[in-house]
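Scope of the values below: all heavy atoms of this structure, side chains included, with no hydrogens, waters or symmetry mates.
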Amino acid sequence: ELATSHELSYEARQGVYLRGTFDLFDPTIDDRTGSLTRVGIGVDALPMPWVGIKAMYNIFRLEDPEQGTASDATLGQEYEQIAVQLHLYY
């Protein structure tokens, strides 16, 4: 089993960060099947000291597992996700 996660951040200006991410999960590293990867880009902003806003665009890819729980329609295909989070700090 292998799991890894990487993130690069760049402070574009005070309170605004550009992010790039890469995640990999491979339950059977000896085989070339069954791995899940995620690549993402996004923006993380702190417009006020107690408010954080994070927007991410992610692309997921599931490689064809020998024995998996995913439906045949998603095997070996990519799908996209847009996530927006609001954080209220107290």
Side-chain angles (χ1 to χ4, degrees):
E1 189 170 297
L2 173 68
T4 182
S5 180
H6 304 280
E7 179 175 316
L8 290 175
S9 281
Y10 172 73
E11 186 175 13
R13 57 181 241 178
Q14 185 176 356
V16 178
Y17 299 87
L18 304 177
R19 298 191 186 268
T21 61
F22 175 78
D23 300 304
L24 169 70
F25 176 70
D26 191 348
T28 56
I29 58 174
D30 295 333
D31 298 329
R32 300 194 70 166
T33 60
S35 66
L36 174 67
T37 58
R38 177 179 70 175
V39 177
I41 58 171
V43 176
D44 195 354
L46 297 167
M48 292 174 266
W50 62 91
V51 176
I53 300 170
K54 183 177 183 179
M56 290 292 295
Y57 170 73
N58 297 305
I59 299 174
F60 294 85
R61 181 169 179 83
L62 176 64
E63 297 298 328
D64 187 19
E66 291 177 14
Q67 297 177 2
T69 58
S71 69
D72 289 339
T74 61
L75 297 180
Q77 295 186 7
E78 294 181 349
Y79 62 97
E80 302 169 359
Q81 175 192 58
I82 296 174
V84 178
Q85 298 175 330
L86 173 66
H87 298 275
L88 301 174
Y89 304 108
Y90 56 93

Q: Please say which of V43, L8, I41 ends up in a side chain to side chain contact (heavy atoms under 4.5 Å, CB included) with L18.
A: V43
**Q.** Any residue meeting ring-ring contact (aromatic ring centres under 6.0 Å, His included) with F60, in chain and number order, not counting sequence neighbours
**A.** Y79
Q.
Restricting to non-hydrogen atoms, name the atom on G40 and the atom on N58 that form the minimum distance, rounded to 0.1 Å.
A. CA-OD1, 3.4 Å
Q: Please report the closest heavy-atom contact between G52 and L46, naming both atoms and the distance.
A: CA-CD2, 3.7 Å
Separation of [Y] [atom2] from [X] [atom1] (nearest 0.5 Å):
X   : Y   : atom1 : atom2 : result
F22 : T4  : CZ    : OG1   : 7.5 Å
Q85 : D44 : CD    : CG    : 8.5 Å
E7  : R19 : CD    : CZ    : 4.5 Å
I59 : R38 : CD1   : CZ    : 12.0 Å

**Q.** Derivation of the side-chain contact (heavy atoms from CB on, under 4.5 Å) call for D23 and T37
**A.** CA-CA 6 Å; D23 300 304; T37 58; over 6 Å; no
Q. Should the heavy atoms of other residues, nucleotides or ligands under 6.0 Å from CD1 of I82 be counted, would the total exceed 12?
A. no
(Q) For the OH atom on Y89, are there more than 12 heavy atoms of other groups (residues, nucleotides or ligands in this structure) within a distance under 6.0 Å? (A) yes
Q: Taking the side chain as every heavy atom from C-beta outward, state whether S5 and T21 have any atom pair closer than 4.5 Å.
A: no
Q: Check whether any side-chain heavy atom of L36 lies under 4.5 Å from a side-chain heavy atom of L24, and answer yes or no.
A: no
